[in-house]
Each structure stands twice: as structure tokens, then as C-alpha cells.
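Below is one structure, written out as C-alpha cells; the observations come after it.
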Amino acid sequence: MINLKFASTAVMLESGALAVLFSDQPPGLLLLAFLSLHAAASACLALFVWILMPSHYQRPRRWALAFLFAFSFFIPFMGLIGLFVGVLVASYLPRLRLNTPFRNISVPEYNNLSGNVKVSYGQGGLRARLQDTGASLESRMKALMAIQQMPSRDASPLLREMLSDPSDDIRLVAYGMLDQREKAINQKITLELAAIAGEQTEAQRHAAVRHLAELYWELIYQGLVQGDVRKHALEQSMDYTVMALELVPGDAGMWVLQGKLITALGQVQAAVFAFRNAIDLGFPRTRLLPYLAEIAYTQRDFAEVKRLLSEMSTFDNSDKTLTLTRFWRINKQAGT
């Protein structure tokens with residue numbers, strides 16, 4: 001009933017606006033009266049059409065109403081008629097096809113893979129195969145061996161999950177792989193510590209402490225340490241980063257590493273300062289956009305997150321980045 005009132009009011013107001021054009025009034029007063037009546041008619045028509053629109057077209061409400069109002073207002077008479085006809089046709093004209101029938105397709109032919117074909121697993125496939133305790137030990141062991149080809153940052157969480165596996169063989173192999181990766185980095189740390197203990201030039205000392213800061217950070221980044229050991233690695237990496245910056249304050253890479261370490265410690269405001277110093281020293285800003293977006297999200301500055309992701313999507317066309325940018329763009333359009 002309310003819909004009909006909006007429609008009838010819009011028709012009467014538009015008719016009044018049309019009648020005003022043929023009245024004997026001063027031009028200025030005539031124009032003012034016409035625009036007032038026409039604007040009121042456009043507003044009523046926008047409400048009438050908006051109520052009849054499908055729900056997914058009604059959001060965001062103010063922009064949908066603004067579009068309908070502008071369409072009617074800036075196209076006098078014809079805009080009103082066009083909206084009327086469009087909404088009536090869309091609402092009451094029967095659909096040409098009520099449903100989309102299913103089609104029968106032939107069963108795909110099964111091709112048996114020969115033993116010479118190398119089967120590769122994605123990360124999701126590896127996780128599913130490893131967690132399937134009903135699968136054969138040989139099958140699960142092959143999946144575990146395939147983890148060696150993955151980056152340590154992605155492999156470490158999977159290997160840690162396997163440390164609680166009911167199979168002794170799986171647990172031992174997973175522990176051995178984690179321990180091997182951690183020992184490889186610790187051996188490099190031992191060599192750099194020995195180098196620092198000897199006599200070095202300032203440039204050599206800077207290179208050594210810089211390398212130590214990066215090595216301790218690798219233990220954290222690759223997920224090879226946890227708990228108190230992770231806290232110790234953070235502190236060591238931070239100490240050597242500070243030492244490197246004292247030797248060479250203009251080392252942009254160390255400012256970036258310090259920003260990452262401070263972010264890991266939860267001091268996001270100080271991390272922004274470190275990243276900005278790195279940018280001022282010539283470090284590419286585009287490479288720091290993900291970290292800046294993460295900090296903005298931690299601070300609940302969602303508008304800044306959307307802006308940084310939009311900027312990042314102009315040069316990073318990876319599927320992950322495009323999916324993330326699309327998610328934030330959709331939420332922005334929905335007004336959330």
C-alpha cells in the first residue's frame with residue numbers, strides 16, 4: 001500500500017511540475033516551482049523503485065537511492081517514465097525460464113597413471129594425506145618426504161603437527177627434519193659468533209652482526225623455534241640489529257628487520273617509525289606495503305588497510321593479493 005502511495009504521489013507531483021511550465025509566472029519563480037516539484041517527485045519515485053528492487057541491489061541504501069533519484073531528476077519526465085516501466089516489467093513480467101534444468105553428462109574416462117608418473121601434492125593435499133591415519137604408512141611417509149621441497153615457513157607448521165602423530169616413524173622423521181633445519185642455521189650462527197670474537201675491521205664487524213641478526217630472525221620466520229627459545233631469538237636478533245645500526249645508521253635493510261622484530265613484539269607504533277626510516281633511506285615502499293597494511297589492521301584502521309591494499313594491487317597481481325584486495329573492496333562497497 002505504501003508503494004502505491006509513493007507512486008501516485010510521484011505522478012501527481014510530476015504532473016504539477018509539468019503544469020507549472022505552462023503557467024503565467026515570472027521565469028525565476030517558475031523555474032523554482034518546477035525544480036521543487038520535480039525533486040519531490042523524483043524522491044518519491046526513488047523510494048517506490050527502491051522498495052521493489054531485489055535485496056542485493058538495495059545495498060548500500062543511500063547510494064542506491066541517490067542513483068535512482070539522480071536518474072529521475074536529471075532526465076525530467078522520461079526518467080520517471082523509464083523507471084516506472086523498468087520496475088513494473090522487472091516485477092510483474094513472467095520469467096521466460098523459471099529454472100535452469102540439469103543436463104546429463106557422460107562419465108569421465110578413468111586413466112590409470114603409470115608408475116613412472118611423478119605425483120605432486122599441494123599444501124592442502126599434503127596435510128590431508130598426513131592427517132589420514134587410515135592411510136598406509138608408506139603413503140604417509142611419501143607425503144612427509146615431499147615436505148622437504150616446501151619452503152621452511154610453510155613446512156614447519158605441518159611438521160610440528162606430525163610430532164603428535166600416533167605413528168613412531170612419522171614422529172621421528174618429522175622431528176629429524178625440524179631439527180636438521182634448525183641445526184643448519186645454528187651452525188651458521190656459531191661461525192659468525194667466532195668471527196666477531198676475532199679482530200675485524202668496522203666493515204667486517206658490521207657485516208657479521210648484520211648476518212647474525214638475519215640468522216636469528218630466520219629461526220623465527222621459518223617457525224623453527226617456539227616459547228622461550230623464540231623469545232631468546234627475538235632478543236638476540238634485536239640486539240644485533242641495534243649493533244648494526246650503530247655501526248651504519250643508514251642501513252635500510254636493518255631498519256626493515258627492526259620493524260619486523262618490533263611488530264613481532266607487538267609494538268606496532270614503533271614498527272611504523274622503523275619502516276618509515278627504511279623508506280626514507282631508499283628502501284622500496286612497495287615491498288613494505290604488506291607490513292604497513294598488517295599494522296593498520298592491528299590498529300583497526302580499516303580505511304588505511306583498504307587504501308594500502310588497493311595500492312599494492314597495482315603492482316602485485318598474484319592470486320592471494322587480488323583475492324585479498326577484492327575482499328576488502330566488496331566490504332567497502334557494502335558499507336561494512
Next on the checklist: Tell me which pairs pass side-chain hydrogen bond (donor to acceptor under 3.5 Å, both in side chains) where either residue lies in residues 263-283, with sequence neighbours left out.
Outcome noted: Gln269-Gln299
Checklist entry - In terms of ring plane angle, is the pair Tyr221 and Trp217 parallel, tilted or perpendicular, where the classes change at 30° and 60°? => result tilted
Item to check | Hydrophobic cluster identity match, Leu159 and Leu172, side-chain contacts under 4.5 Å | outcome: no
Checklist entry - With hydrophobic residues grouped by side-chain heavy-atom distances under 4.5 Å, do Leu219 and Leu265 end up in a single group? => result yes
Checklist entry - Salt bridge check: are Arg140 and Asp169 linked by an N-O gap of less than 4.0 Å? => result no
Item to check | Side-chain donor/acceptor of Ser164 to backbone N/O of Glu161, under 3.5 Å | outcome: yes
Show me the donor-acceptor pairs, under 3.5 Å and distance only, between side chains in residues 226-244 and residues at least two apart or in other chains.
unit_1, atom_1, unit_2, atom_2, d
Ser237, OG, Ala213, O, 2.8
Thr241, OG1, Ser237, O, 2.7

Item to check | Connected via hydrophobic side-chain network under 4.5 Å: Tyr175 and Met145 | outcome: yes
Item to check | Atom pair CG (Leu308) and CD (Glu304), whose distance is rounded to the nearest 0.5 Å | outcome: 4.0 Å
Next on the checklist: Using every non-hydrogen atom in the two residues, find where Ile262 and Ala271 come nearest and quote the distance to one decimal.
Outcome noted: CG2-N, 3.6 Å
Checklist entry - Do Phe74 and Leu32 belong to the same hydrophobic cluster, where Ile, Leu, Val, Met, Phe, Trp and Tyr are linked whenever their side-chain heavy atoms lie under 4.5 Å apart, directly or via other members? => result no
Checklist entry - CG/Leu178 to CG/Leu163 distance, rounded to the nearest 0.5 angstrom? => result 5.5 Å
Next on the checklist: So, using ring pair (Phe, Tyr, Trp, His ring centres under 6.0 Å) as the criterion, who are the partners of Phe302 when residues are at least two apart?
Outcome noted: Tyr297, Trp328
Checklist outcome for this item: On a heavy-atom basis, the closest approach of Val248 and His206 is CG2-CD2, 3.4 Å
Next on the checklist: Minimum heavy-atom separation for Leu144 and Ala174, please, with both atom names.
Outcome noted: CD2-N, 4.1 Å
Checklist outcome for this item: Closest non-hydrogen atoms of Ala43 and Phe69, given as atom of the first, atom of the second and distance, are N-CD1, 3.6 Å
Item to check | Arg62 atom CZ, neighbour heavy-atom count above 12 within 6.0 Å | outcome: no
Checklist entry - How would you list, by chain and number, every residue that makes a salt bridge (charged side-chain N to carboxylate O under 4.0 Å, His left out) with Asp168, sequence neighbours excluded? => result Arg171
Checklist entry - Mind checking whether Met254 and Glu214 have side chains closer than 4.5 Å, heavy atoms only? => result yes
Item to check | Student check: side-chain heavy atoms of Leu257 and Leu261 closer than 4.5 Å | outcome: yes
Checklist entry - What's the shortest heavy-atom distance between Arg210 and Gly253, and which atoms? => result NH2-CA, 3.7 Å
Next on the checklist: One thing to verify: whether Arg205 and Glu202 come together as a salt bridge, which I'm taking to mean a side-chain N less than 4.0 angstrom from a carboxylate O.
Outcome noted: no
Next on the checklist: Show me the pairs that pass side-chain hydrogen bond (donor to acceptor under 3.5 Å, both in side chains) and involve residues 282-296, at least two apart or across chains.
Outcome noted: Lys260-Tyr291, Arg285-Glu311
Item to check | Same apolar cluster (I L V M F W Y, side chains within < 4.5 Å links), Tyr216/Leu191 | outcome: no
Next on the checklist: Can you pull out every side-chain hydrogen bond (donor to acceptor under 3.5 Å, both in side chains) where at least one residue sits in residues 176-194? Sequence neighbours excluded, please.
Outcome noted: Ser152-Arg181, Asp179-Lys183, Glu192-His211
Next on the checklist: Minimum heavy-atom separation for Trp255 and Pro249, please, with both atom names.
Outcome noted: NE1-O, 2.9 Å
Checklist entry - Should Leu281 and Asp251 count as side-chain neighbours, where that means a heavy-atom distance under 4.5 Å? => result no
